[in-house]
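Since the structure comes first, as structure tokens, the remarks are kept for the end.
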Number of protein chains: 2
Amino acid sequence: MTRVLIVDDEPQLLRALRINLVARHYEVAMADDGGSALRQAAQFHPDLVVLDLGLPDIDGVEVVHGLRGWTSVPIVVLSGRAGSQDKIDALDAGADDYVTKPFDIEELLARIRAVTRRASPHDAQPAQIRIGDRTVDLAAKTVSGDVRLTPTEWRLLELLLRNPGKLISQRQMLTEVWGAGYDRETHYLRQYMAQLRRKLEPDPARPAHLITEPGMGYRFAP
Amino acid sequence: MTRVLIVDDEPQLLRALRINLVARHYEVAMADDGGSALRQAAQFHPDLVVLDLGLPDIDGVEVVHGLRGWTSVPIVVLSGRAGSQDKIDALDAGADDYVTKPFDIEELLARIRAVTRRASPHDAQPAQIRIGDRTVDLAAKTVSGDVRLTPTEWRLLELLLRNPGKLISQRQMLTEVWGAGYDRETHYLRQYMAQLRRKLEPDPARPAHLITEPGMGYRFAP
DNA sequence: CGGCGGCGTAGGGAAAGCGTCAAGATGCGG
DNA sequence: CCGCATCTTGACGCTTTCCCTACGCCGCCG
């Protein structure tokens, strides 16, 4: 299920979008200014952000910058301003698409489908991954043997499993799982890596797949 | 250099786009109907396709289908038709963006940058460097043969490997790895270069790739 | 021949980083 | 309002890594 964060200061537009998206089985979160948008993005971890440029507190382009500092989530910008320079600024700041108001809701949905499809090609690859004697399915969010993981554990595990063999730095893990501003909280990592090892490793005391690289980060060894 | 295939049946628009793209250091190929577009795409292997919907032979949406059958190259559609249904059809066929004529050339270029930026990190293949019988991957921070390096060793090795064949002065190594103020601590270098040789060189006593230039610095010989 | 500067090797103590246990917040659904 | 699951925070041994000192080797030059 695709998770969408809608950011707009007009309640009726917010409401209209939410209804349309929920009807199409999107999971929706909402924000009505730039500050709460950035906070929501860190907490909600959307797969897509629909962002109005005309916000009461921060300029929309700044919100794009703020998001791009730590995530590559697709961003579709809405705006009343139809000028070319506005579009260029938003796109070059890191937005993926730019739609001018008033817009046709069906067109917006098609553009949402387009950027979402482009951003998630990893759904095509086999989602079944073996860790010791357990099997993890990232798409179905299941682990064999009646093991259950919390949302945070899933985000952390997914990040590691999507980059098999590659070292993931502590900074990257912290910003991608907990959001920007958490780069120093390294003991969150120790805490949750320990949990994952307890739940997944055959011998949690001697991890064979979720490997620590001291001073740098962690690595998933297939 | 990004390779772009432009498909349009109006010679003057074709020409205008080519000039603008070449000026921005894109590599450009052109086609003026659907058939030659598909043929060109197969031969030229573009990183981006700019596609006019109104072609003399095949409908543009069919061209999108034809391309999507075998490639995921980004497609930006141009069209004179501004109706929502046209946009939806093109986007759902697999296009990444839809621009209605007449359009501002700068806006088109910004949209080209946006879709290219989104698609390009995909073809990033691991940069592997050979040292003797070992293979080093700087991105994944791995060395073949179960060799592990410490953070300081990685910083030092990375500096040398990113400048193959080039002499790196002791001063530069010390300031970049240990920070300003450590210019005199040359014995740190001896210490860690010895470690790297032990871990990477086939015969650590006779280094063939991590080479000392007495009194000056060190050099990586590929 | 003997001092000297630059280099390579070895080992030990200090510090930073890590794993673990445990308990205090927090949020959610009943 | 309470209980439960989850997320934070704190404290304490243990391991890895880093920093530092000491020593041997080699070529150069007086």
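The CD atom of A:Q195 sits 13 Å away from the P atom of D:dA5 (whole-angstrom rounding). Distance, B:L196 CG to C:dT9 C1': 15 Å, rounded to whole Å. Atom CG of A:L189 is separated from atom P of D:dT8 by 12 Å (rounded to the nearest Å). One interatomic measurement links the two molecules: CZ of A:R190 to C1' of D:dC12, which rounds to 12 Å at whole-angstrom precision. A:K199 has its NZ atom 11 Å from the P atom of D:dA5, to the nearest Å. One interatomic measurement links the two molecules: CE of A:M216 to C1' of D:dT16, which rounds to 12 Å at whole-angstrom precision. Rounded to an integer number of Å, the gap from CG of A:L156 to P of D:dT8 is 12 Å. Remark: P of C:dC18 and CE of A:M173 are 11 Å apart, rounded to the nearest angstrom.
Within the nucleic acid shown, B:Y218 comes within 4.0 Å of sugar-phosphate atoms alone, with no base atom in reach, counting heavy atoms only. Residue B:Q170 is classed as a sugar-phosphate contact, given heavy-atom separations below 4.0 Å to backbone atoms only.
The shortest distance between the side-chain N/O atoms of A:Y188 and the OP1/OP2 oxygens of D:dT6 is not below 4.0 Å. For A:Y192 and D:dC7, the shortest distance from a side-chain N or O to OP1 or OP2 is below 4.0 Å. For D:dC7, the OP1/OP2 oxygens have no side-chain nitrogen or oxygen of A:W178 closer than 4.0 Å. Contact check, B:R197 against C:dG8: a side-chain N or O comes under 4.0 Å of OP1 or OP2.
At most 12 heavy atoms of other shown residues, nucleotides or ligands fall within 6.0 angstrom of atom CZ in A:R15. The environment of CZ in B:R130 is crowded: more than 12 heavy-atom neighbours from other residues, nucleotides or ligands sit within 6.0 Å. No more than 12 heavy atoms of other residues, nucleotides or ligands shown are found within 6.0 angstrom of OH on B:Y182.
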At under 4.0 Å between heavy atoms, which parts of nucleotides 21-30 of chain C does protein reach? Answer with one letter per nucleotide, 5' to 3': B base, S sugar-phosphate only, - none. BB--------

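Atom CG of A:L13 sits about 4.5 Å away from atom CG of A:D8, to the nearest 0.5 Å.
Figure legend: B:R3 and B:Y26 shown without cation-pi pairing, the cationic atom not lying both under 6.0 angstrom from the six-membered ring centre and within 45 degrees of its axis.
Scanning residues 135-153 of chain B for heavy-atom distances under 4.0 Å to DNA chain D yields B:R148, B:T150, B:P151, B:T152. Only A:P214, listed by number, bring a heavy atom of residues 204-214 of chain A to less than 4.0 angstrom from any atom of DNA chain D.
Remark: the A:T212 side chain and the A:R197 side chain contain an N/O donor-acceptor pair separated by less than 3.5 Å.
Using a 4.0 Å cut-off between charged nitrogen and carboxylate oxygen, A:D96 and A:R68 count as a salt-bridge pair. Residues A:E106 and A:R24 are paired through a salt bridge, judged by an N-O separation under 4.0 Å between the basic side chain and the carboxylate. Between A:K141 and A:E158 a salt bridge is recorded (basic side-chain N to carboxylate O distance below 4.0 Å).
In this structure, A:I131 and A:L161 have side chains that are in contact, with non-hydrogen atoms separated by less than 4.5 Å.
Using cut-offs of 30° and 60° on the angle between ring planes, the pair B:H45 and B:W70 is perpendicular.
In terms of modelled atom types and a separation under 3.5 Å, the side chain of A:R171 and the main chain of A:R184 share no donor-acceptor contact.
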